[in-house]
Amino acid sequence: MEKEWWEGLGDGSRLLIAPAPSPTAGAAAAAAAGINGCLLSLRHPKSGNATNYLLCNDNEGSVLQELHWFKQSYTSWFLGDYVSRDGSLYTATPVDPVFILLPIFEEARMKKRNDLGKFRQLDEIIFINDYPGYQHLMSIAENCMRVVCEIKEIGSSMFFRLNDSKVLAWLYCKVFQLKKALCSLDNNYAAQDEKYTLAEAVSILGEYVKDEPWLMLLRDHLKLNLLEVTSKVPEAENFLTNTEHNPVSSTLLQEKGRSADKTKRIGKQAKKAKVETESRNIREMLSRACRKS
């Protein structure tokens with residue numbers, strides 16, 4: 001008897017939603033295409049903390065995806081005839097590998113003041129102690145890092161060195177692609193001042209690049225003062241923007257909202273109890289007054 005796909009699932013099961021190879025591809029099509037994936041522990045490009053990413057490989061190449069986690073109270077998943085006790089949701093979305101590789105290429109060139117740094121071979125650059133996952137990105141790095149690096153070829157060997165001008169041009173293109181996407185997704189962005197939308201695009205990009213040197217260089221190039229711009233945006237507008245485009249902030253804001261609602265309910269209950277107590281005291285006073293008379 002053939003086993004169902006959910007049989008054998010234990011309490012350690014998790015639900016992950018990730019892009020399929022094609023809109024109509026299912027598990028059988030994925031298997032036929034030779035698609036497989038693995039979790040990689042890499043440094044987060046902004047914080048440097050260890051972060052898990054999903055690398056999917058198929059016949060067309062490799063796609064690096066970042067993972068997002070969402071959890072609500074008292075939730076479970078029905079997986080076939082099985083109930084998964086953990087109702088949390090993981091989603092995987094493609095991320096540009098340049099963001100992930102940019103910090104290690106920055107370190108590898110060993111730039112000092114006016115010295116532009118050294119050209120290094122790719123296998124040297126992506127060899128990071130305690131992070132063997134970078135070794136899986138060799139072919140991706142060779143293709144995608146050309147856009148931000150100078151390359152020298154000596155015989156069959158290739159040497160890479162990060163180039164500030166190329167990185168700045170790449171970031172500039174990313175900002176305006178993001179700005180265009182924001183305006184097409186939300187009419188609020190299309191209606192507001194262009195400077196505010198540009199500031200929001202830079203802020204979102206800032207979640208993936210370090211403030212120094214890249215974000216500072218980008219802001220200077222755009223002549224943009226984020227503090228000045230964001231301080232003029234109405235508070236309600238900031239709330240909607242952050243909730244819509246930042247899943248983590250959205251979760252935190254939802255939790256904060258639930259806490260605020262709970263506080264209001266407790267306040268109302270206390271107020272109601274106080275009113276009832278005062279009313280009872282008044283009734284007792286009237287009763288005593290009536291008995292005395």
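Position 1 is the first residue of the sequence, and the numbers go up from there.
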Parallel, tilted or perpendicular: which fits the ring planes of H221 and Y172, with parallel below 30° and perpendicular above 60°? perpendicular

Start with the C-alpha distance between Q65 and V63, add both sets of side-chain angles, then the distance that settles side-chain contact (heavy atoms from CB on, under 4.5 Å), and finish with yes or no. CA-CA 6 Å; Q65 301 179 33; V63 178; 4.0 Å; yes

Going from CG on D96 to SG on C144, what distance comes out if it is rounded to the nearest 0.5 angstrom? 6.5 Å

Going hydrophobic residue to hydrophobic residue with side-chain gaps under 4.5 angstrom, can you get from F127 over to I100? no

Evaluate the ring planes of Y131 and Y134, with Trp represented by its six-membered ring, and classify them as parallel (under 30°), tilted (30 to 60°) or perpendicular (over 60°). perpendicular

If I take atom NZ from residue K179 and atom OH from residue Y196, how far apart are they, to the nearest 0.5 angstrom? 14.5 Å

Are K210 and E106 within salt-bridge range, i.e. N to O under 4.0 Å? no

How many angstroms lie between CD in Q177 and CG in L182, if you round to the nearest 0.5 Å? 12.0 Å

Minimum heavy-atom separation for L178 to A201, with atom names? CD2-O, 3.3 Å

Flag the pair R43 and E107 as a salt bridge only when some basic side-chain nitrogen lies within less than 4.0 angstrom of an acidic carboxylate oxygen. yes

Would you check if K71 and W69 make a side-chain contact, meaning some heavy-atom pair closer than 4.5 Å? yes

Closer than 3.5 angstrom, by distance alone: can the side chain of S47 be matched with the main-chain N or O of H44 as a donor-acceptor pair? no

Okay, side chain of K166, backbone of E150: is any donor-acceptor separation there less than 3.5 Å? no

Any D164 side-chain heavy atom under 4.5 Å of K111 side chain: yes

What closest approach, in Å, do S88 and T75 show between heavy atoms, and which atom pair accounts for it? N-OG1, 4.5 Å

Taking all non-hydrogen atoms of both residues into account, name the closest pair between A141 and L122 and its distance. CB-CD1, 4.0 Å

Measuring only between side-chain heavy atoms, which start at C-beta, is E66 closer than 4.5 Å to F99? no

Please tell me whether I151 and L168 are part of a single hydrophobic cluster in this structure, the criterion being side-chain heavy atoms less than 4.5 Å apart. yes

Measure the SG-CG distance between C38 and L54 for me, rounded to the nearest 0.5 Å. 7.5 Å

What pair of heavy atoms forms the shortest contact from L40 to G133, and how long is it? CD1-O, 3.7 Å

So do the side chains of Y90 and N52 get within less than 4.5 Å of each other, counting heavy atoms only? no

Could you tell me if the side chain of K174 sits less than 4.5 Å from the side chain of L205, heavy atoms only? yes

Compare every heavy atom of A199 with every heavy atom of L224, then report the nearest pair and how far apart it is. CD2-CA, 3.8 Å

Is the backbone N or O of A108 less than 3.5 Å from a side-chain atom of R120, with the two atoms forming a donor-acceptor pair by type? yes

When every non-hydrogen atom of K118 is compared with those of M110, the smallest separation belongs to CD-CE, 3.5 Å

Might you work through the side-chain contact (heavy atoms from CB on, under 4.5 Å) test for M138 and H136, ending with a clear yes or no? CA-CA 6 Å; M138 178 76 76; H136 293 270; over 6 Å; no

Under 3.5 Å: donor-acceptor pair, side chain of R161, backbone of C149: no

Backbone N or O of N163 within a donor-acceptor pair of the S165 side chain at under 3.5 Å? no

Taking the six-membered ring where the residue is Trp, are the ring centres of F159 and F119 under 6.0 Å apart? no

Straight-line distance of L218 CG to L215 CG, nearest 0.5 Å: 6.0 Å

Counting only heavy atoms from other residues, nucleotides and ligands, does the tally under 6.0 Å from CD of E194 exceed 12? no

So, Q135 side chain and P132 main chain: donor-acceptor pair closer than 3.5 Å or not? no

Is it true that M216 and L222 fall in one hydrophobic cluster, defined by side-chain heavy atoms closer than 4.5 Å? no

With the side chain counted from C-beta on, respond yes when L42 and T51 share a heavy-atom pair under 4.5 Å apart, and no when they do not. no

When you compare the side chain of L137 with that of I126, does any pair of heavy atoms fall below 4.5 Å? no

For the pair M145 and I125, evaluate side-chain contact (heavy atoms from CB on, under 4.5 Å) and give the outcome as yes or no after the intermediate values. CA-CA 12 Å; M145 294 305 290; I125 296 174; over 6 Å; no

State, yes or no, whether a side-chain contact exists between F105 and P103 at a heavy-atom distance under 4.5 Å. no

When rounded to the nearest 0.5 angstrom, what distance separates CG in L67 from CG in L39? 6.0 Å

Do W214 and L102 pass the side-chain contact (heavy atoms from CB on, under 4.5 Å) test, and can you show the C-alpha distance, the side-chain angles, and the key distance before you say yes or no? CA-CA 10 Å; W214 309 121; L102 189 60; 3.8 Å; yes

